[in-house]
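The structure appears right after this line, and notes come after that.
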Number of protein chains: 2
Amino acid sequence: MSVEESTSRPAPRTARGARTRARLLQAAEDVFATVGYPEASIVRITELAGVALGTFYVHFTGKKEIFDEVVLDLSRRVRQAMSEASSAAPDRLQAERDGFRAFFAFTAEHPALYRIIRQAEFVSPEVMRTHYDDICSGYASGLDRAMGAGEIRQLDPMVAAWALMGAGELIGMRWVLWEEGGQIPDPVFEQLMRLIEGALAPTPTDGESR
Amino acid sequence: MSVEESTSRPAPRTARGARTRARLLQAAEDVFATVGYPEASIVRITELAGVALGTFYVHFTGKKEIFDEVVLDLSRRVRQAMSEASSAAPDRLQAERDGFRAFFAFTAEHPALYRIIRQAEFVSPEVMRTHYDDICSGYASGLDRAMGAGEIRQLDPMVAAWALMGAGELIGMRWVLWEEGGQIPDPVFEQLMRLIEGALAPTPTDGESR
DNA sequence: ACGAAACATGAATCACCTTTCATGTTTGGC
DNA sequence: GCCAAACATGAAAGGTGATTCATGTTTCGT
């Protein structure tokens, strides 16, 4: 009747256990983001966390399990940052702006997100897929609502969500992750917004009969 | 005075050598795409290629070198497929259609491209960056020309290239790589084209004075 | 403040992988 | 057809890192 995976460790039962587990997770995030999964050894993670090697196996069954947890955690955090930022917007265009701003800010603050997600394809395809699915369905339902209100043109919200997410992802990689500035240049952001605006804006041809 | 990297092996001097090298490259592409870089051992590659373990080191200095060559090769092939497909188009919109069609077709035929490029971030960041830079600068110069001809609106061609490339990449991942069909569904393709058309189309506001 | 369960430790084990090298085989220019 | 260079081989050396476990320490409910 347990909901837990049979291969995972029981949750910590004491404050000390929880603390150690959290330190291991944080260290793992750093190590995975810095040297990548192949080079990330358990020894490295435990050394950075400041715990003994054997302690790792008290909390996790292996490298893949801790990787999955790190991905899930990052995914949850970026989604929350984006939805929080865009929820207060008065209209769809502003929601797009706020959501993307939050995404780029998160990327700047947590480069680990990109670097780790991109490795997940092989380490843990399911968890990677879940991450993108979760982001995009949230995005798509926002578009759907705006479409109902006539704010944007009629289109398949899922396709639009994946396409726009992809645009943001590569722009973020190029101008946030690969530049030391850490913040997206305003002109780049504005250009991206123009593109998105153009892609979503209702057009005269929308109402055509044939 | 040599142009070669000091760490790379000399090119094969006989037909047999060239054949063996090619088999190793093909095997490496398969192994990297199937099990990922971390799990890809030289033993596995040589076994799939049908050569002895030691033979590998006759042709490559190590795992990273053969990985780089595989990435470079895939990158060159996809760029050629895309530019060939779009070069004959009469206008920009058709060039977009043809280029993206070619990209999705290549993805369907060589899933290795995605799977391998995504791992390159850590294995070989320079080579990954080169791949995206090369694709996007080709794309951007096409947009630049169309902009000069007034076919599309005034915008930063680099930002547009990276954004549209990203849109194509995620759409390809979701509907080509992750679906067994292997071919992008027509409605999805058409939706993507509508978005791109909207993003690039000249708008009345383009000519405004302020 | 007691004691049982939870937690932490790190040396030792085990499995696997990279790389080398001495030796044998094939190739292709002459 | 000869032979020097190129190529292929696989056993073995040398590492590295994942995982286990017997033992010691801390926590926390009572």
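Every heavy atom of this structure was used, including side-chain atoms; hydrogens, water molecules and symmetry mates were not. Numbers restart at 1 for each chain; the letters A, B, ... are given by sequence-line order, proteins then strands.
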I'd like to check A:Leu74 versus A:Ile117 (side-chain heavy atoms, cut-off strictly below 4.5 Å). Are they in contact?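 Result no, sub-4.5 Å side-chain heavy-atom pair not found.
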Do B:Ile116 and A:Glu121 come close enough that some side-chain heavy atom pair is under 4.5 Å? no
Bend angle of the helix from C:dA1-D:dT30 to C:dC30-D:dG1, end axes from five pairs each (to 10°):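 Inter-axis angle at the ends, rounded: 30°.
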Given [options], the nucleotide with the shortest approach to the side chain of [X]:
X	options	answer
B:Pro12	C:dT9, C:dG10, D:dC7	D:dC7
B:Ala15	C:dG28, C:dT9, D:dT26	C:dG28
B:Thr55	D:dT9, C:dT18, C:dA11	D:dT9
A:Tyr57	C:dT26, D:dT20, D:dG10	D:dT20
B:Arg16	D:dC7, D:dT9, D:dT19	D:dC7
A:Leu53	D:dG10, C:dC7, C:dA11	C:dA11

Output yes when at least one side-chain N/O atom of B:Thr14 is less than 4.0 Å from OP1 or OP2 of D:dA6, else no.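 Answer no for this pair, as no side-chain N or O of B:Thr14 is under 4.0 Å from OP1 or OP2.
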Check whether any side-chain N or O of A:His59 sits under 4.0 Å from OP1 or OP2 of C:dA6, and answer yes or no. no
Measure [atom1]/[X] against [atom2]/[N] and give the value in whole Å, please.
X	N	atom1	atom2	result
A:Phe67	D:dA18	CZ	P	15 Å
A:Leu24	D:dT19	CG	P	14 Å
A:Phe60	D:dA18	CZ	C1'	16 Å
B:Arg23	D:dC7	CZ	C1'	13 Å
A:Glu65	D:dA18	CD	P	15 Å
A:Arg9	D:dT19	CZ	C1'	11 Å

Before giving the answer on salt bridge (Lys or Arg N to Asp or Glu O under 4.0 Å), spell out for B:Arg174 and B:Glu179 the whole-Å C-alpha distance, their side-chain angles and the decisive distance to 0.1 Å. CA-CA 7 Å; B:Arg174 171 67 181 77; B:Glu179 302 289 336; 2.7 Å; yes
Within the 3.5 Å criterion, strictly below it, is a donor on A:Tyr139 or A:Glu96 matched to an acceptor on the partner's side chain? yes
Is the backbone of B:Ala120 close enough, under 3.5 Å, to the side chain of B:Ser124 for a donor and an acceptor to pair up by distance? no
Please check if the side chain of A:Ser75 supplies one atom and the backbone of A:Val71 the other of a donor-acceptor pair under 3.5 Å.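 Judged by distance alone, no pair lies under 3.5 Å.
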Starting at the 5' end of DNA chain C, which residue's closest nucleotide do you reach first, A:Gly50 or B:Phe56? A:Gly50
Tell me, with the steps shown, if A:Glu169 and A:Tyr132 meet side chain to side chain donor-acceptor pair (under 3.5 Å). CA-CA 11 Å; A:Glu169 186 164 298; A:Tyr132 281 111; 3.0 Å; yes
Out of B:Phe32, B:Phe60, B:Phe122, which one pairs with B:Phe67 under the ring pair (Phe, Tyr, Trp, His ring centres under 6.0 Å) rule? B:Phe32
Does any residue of residues 29-47 of chain B have a heavy atom under 4.0 Å from DNA chain C, and if so, which ones, in number order? B:Ala40, B:Ser41, B:Ile42, B:Val43
Run the salt bridge (Lys or Arg N to Asp or Glu O under 4.0 Å) check on A:Glu29 and A:Arg77 step by step: do they pass? CA-CA 13 Å; A:Glu29 181 179 320; A:Arg77 279 153 60 197; 3.5 Å; yes
What do you reckon, are the aromatic ring centroids of B:Phe189 and B:Phe100 less than 6.0 Å apart?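 No, the ring centres sit 6.0 Å or more apart.
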